[in-house]
K.L.:
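I have a structure I would like to understand better, so I am pasting it below and will then ask my questions one at a time.
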Amino acid sequence: MEAEALADIGPARRRALFERDAGVDAVRDDVREIVSRVREEGDAALREFASEFDGVEVGNIDVTDQAERAYESIDDDVRAAIETAIENVREFHERQLPEDWTETVDGRELGRRFRPVERVGAYAPGGAATYPSSVVMTVVPAKVAGVEQVAVATPPAEEMHPVTLAACHAAGADRVYAAGGAQAIAALAYGTETVDRTQLIVGPGNKWVTAGKAEVRGDVEIDFLAGPSEVCVLADDTCEPEYVAADLLAQAEHDPEASVVAVTDDADVAAAVSEAVEAGLDGRERADVIEAALDSEASGVFYARSMSEAVLFAEEYAAEHLSIQADDDEAILDRIDDAGSVFLGPYTPVAAGDYATGTNHVLPTNAGARVKGGLSVDTFLRASTVQRLDRDALADLRETVTTLADAEGLEGHANSVDARFADEE
């Protein structure tokens with residue numbers, strides 16, 4: 001990963017950086033067939049796909065009981081870490097809970113009330129890596145919001161990962177299913193003999209999971225299309241290049257399709273970051289995954305002609321994770337609107353937010369931060385407006401309503417107001 005000048009980036013490279021889809025479009029046709037099979041064949045399709053894709057012959061798809069046993073069997077220090085993460089995530093998300101409110105103005109009593117959806121499906125990635133942290137990030141906010149039933153789907157294995165299962169139990173999941181990929185998304189969307197149909201599906205995943213969510217959207221609500229991990233690090237000459245490199249390597253180890261970028265206003269810093277990335281690869285267990293992500297056209301280490309140019313790049317990149325390792329980080333942040341989650345300063349690694357600060361790590365990717373924020377309590381709530389008018393308040397609005405109704409040619413709307421004053425005419 002050699003340092004590159006932003007000014008030298010050509011149109012094709014810019015498209016790769018700013019219009020990244022992480023391979024989702026390429027698998028849409030295959031995913032459509034998977035979803036259709038699960039919808040039509042239910043558990044049989046889940047078992048067949050588990051054998052084909054995961055190399056596992058699945059007996060019980062519902063592994064909720066295993067999750068409870070796993071919680072008791074894992075090491076005490078791992079259990080304590082899970083509980084600490086849950087406590088921090090719960091505390092942060094409890095602060096997001098909105099309160100019902102009403103207000104009376106000129107005889108118009110107006111308000112808003114919030115109610116949770118009833119059934120949520122959460123996806124926890126597995127396979128090449130396991131993500132109990134994603135269980136915490138999806139289940140805990142749903143439970144804080146008051147969701148009655150939260151089901152977790154996670155890929156099957158000859159031996160289900162005990163820490164992921166334990167996290168399901170600790171976070172309060174009501175059901176846990178051994179199902180992965182697009183087939184798990186289809187099962188949560190449409191239900192099977194074993195899997196209960198849900199109203200909303202949340203959680204991150206690889207390109208197959210993301211394409212699955214795109215396919216079922218419309219038949220079920222989804223949070224957003226959260227694909228492979230992304231990070232953009234904005235740095236100046238006060239940064240520690242090794243820290244920047246460490247954050248790039250950390251996110252690159254998630255997935256070969258991950259996108260990792262650093263941009264600075266100093267060519268020497270860019271070169272030092274590149275060297276630190278290469279040095280940091282030595283001895284990594286997931287070196288092949290990391291190298292694939294680093295080699296992507298959507299990844300790179302760049303130097304700009306000024307910090308303003310670097311900031312414009314970061315704003316256009318609209319990263320899932322934005323790390324600012326620069327002297328005046330808050331002033332830089334004030335110039336950026338588009339980012340999923342922001343990490344300020346040298347001692348705020350992205351991994352801290354991935355696990356335990358309390359903020360949510362389920363975030364929009366592929367520049368989705370331009371229009372949407374990350375998973376929150378709001379994701380699981382429905383808002384209803386409520387109103388009550390007294391006679392005088394309706395009288396004050398009568399002419400406005402009837403005039404607009406007549407302008408729209410909706411006689412019945414106008415009459416529904418006039419009828420309440422028939423005794424005066």
Side-chain angles (χ1 to χ4, degrees), residues 1 13 15-28 30-31 34 53 122-135 137-138 153-155 164 180-182 184-185 201-215 217 222-233 247-262 277 281 284-300 317-323 338-341 343 349-351 353-355 360-370 372 374-375:
M1 178 179 267
R13 187 70 187 283
R15 282 194 299 273
L17 285 164
F18 300 129
E19 300 175 16
R20 52 201 183 275
D21 75 356
V24 172
D25 287 345
V27 301
R28 284 295 297 271
D30 289 337
V31 164
I34 291 169
F53 299 138
Y123 188 80
T130 185
Y131 294 99
S133 56
S134 291
V135 173
M137 296 293 174
T138 52
T154 192
T164 298
I185 300 301
I201 299 174
V202 301
N206 62 17
K207 60 189 176 184
W208 297 88
V209 172
T210 302
K213 290 170 73 176
E215 187 65 26
R217 181 170 49 183
I222 66 168
D223 48 0
F224 40 78
L225 301 179
S229 189
E230 303 171 351
V231 65
C232 176
V233 183
D247 282 341
L248 299 182
L249 292 167
Q251 296 308 307
E253 71 179 351
H254 274 298
D255 192 293
E257 306 283 353
S259 303
V260 297
V261 165
V277 168
L281 271 171
R284 297 270 178 155
E285 290 185 6
R286 295 173 61 80
D288 55 338
V289 174
I290 296 171
E291 288 176 355
L294 296 178
D295 289 342
S296 166
E297 287 294 293
S299 297
Y317 194 81
E320 176 190 22
H321 306 100
L322 173 65
S323 170
D338 299 335
S341 189
F343 302 78
V350 173
D354 282 344
Y355 291 108
N360 208 292
H361 82 200
V362 182
L363 302 163
T365 61
N366 304 337
R370 294 172 186 163
K372 196 170 185 67
L375 198 72

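Remember, predicted model here, so these are calculated numbers, not experimental data.
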K.L.:
Where is the tightest heavy-atom contact between G353 and M137, given as atom of each residue plus distance?
P.N.:
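It is O-CE, 3.6 Å.
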
K.L.:
I'd like to know whether L225 forms a side-chain contact (heavy atoms from CB on, under 4.5 Å) with R217, so could you lay out the CA-CA distance, the side-chain angles of the two residues, the decisive distance to 0.1 Å, and finally the verdict.
P.N.:
CA-CA 10 Å; L225 301 179; R217 181 170 49 183; 3.9 Å; yes

K.L.:
Determine yes or no for a side-chain-to-main-chain donor-acceptor pair under 3.5 angstrom, with E320 supplying the side chain and E230 the backbone.
P.N.:
yes

K.L.:
Mind checking whether Y317 and F18 have parallel, tilted or perpendicular rings, split at 30° and 60°?
P.N.:
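If you compare the ring of Y317 with that of F18, the planes turn out perpendicular.
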
K.L.:
Mind checking the CG-CZ spacing from D247 to F343? Nearest 0.5 Å is all I need.
P.N.:
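Those atoms lie 8.5 Å apart.
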
K.L.:
Please name all residues satisfying ring pair (Phe, Tyr, Trp, His ring centres under 6.0 Å) with F224, sequence neighbours left out, ordered by chain then number.
P.N.:
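For F224 there are no ring pair (Phe, Tyr, Trp, His ring centres under 6.0 Å) partners, ignoring immediate neighbours.
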
K.L.:
Please answer whether the main-chain N or O of V260 pairs with a side-chain N or O of Q251 as donor and acceptor at a distance below 3.5 Å.
P.N.:
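No: the side chain of Q251 does not pair with the backbone of V260.
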
K.L.:
Between the side chain of H361 and the main-chain N/O of D354, is any donor-acceptor distance below 3.5 Å?
P.N.:
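Yes.
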
K.L.:
Say you draw a straight line from OG1 of T210 to CD1 of I222; how long is it, rounded to the nearest 0.5 Å?
P.N.:
9.0 Å

K.L.:
Give a yes or no on whether the backbone of G203 and the side-chain of D223 come within a donor-acceptor separation of less than 3.5 Å.
P.N.:
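Yes.
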
K.L.:
For S296 and S259, indicate whether the former's side chain and the latter's backbone hold a donor-acceptor pair under 3.5 Å.
P.N.:
no

K.L.:
Could you tell me whether the side chain of R20 and the main chain of A298 form a donor-acceptor pair under 3.5 Å?
P.N.:
no

K.L.:
Tell me whether S299 contacts the main-chain N or O of A293 through its side chain, where contact means a donor paired with an acceptor under 3.5 Å.
P.N.:
yes

K.L.:
Rounded to the nearest 0.5 Å, what separation is found between the CE atom of M1 and the CG atom of D295?
P.N.:
8.0 Å

K.L.:
For L281 and L294, what are the C-alpha separation, side-chain angles and deciding distance, and is it a side-chain contact (heavy atoms from CB on, under 4.5 Å)?
P.N.:
CA-CA 11 Å; L281 271 171; L294 296 178; 4.1 Å; yes

K.L.:
Does the distance from a Lys or Arg side-chain N to an Asp or Glu carboxylate O, for D255 and K207, drop under 4.0 Å?
P.N.:
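A salt bridge is absent here (no side-chain N lies under 4.0 Å from a carboxylate O).
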
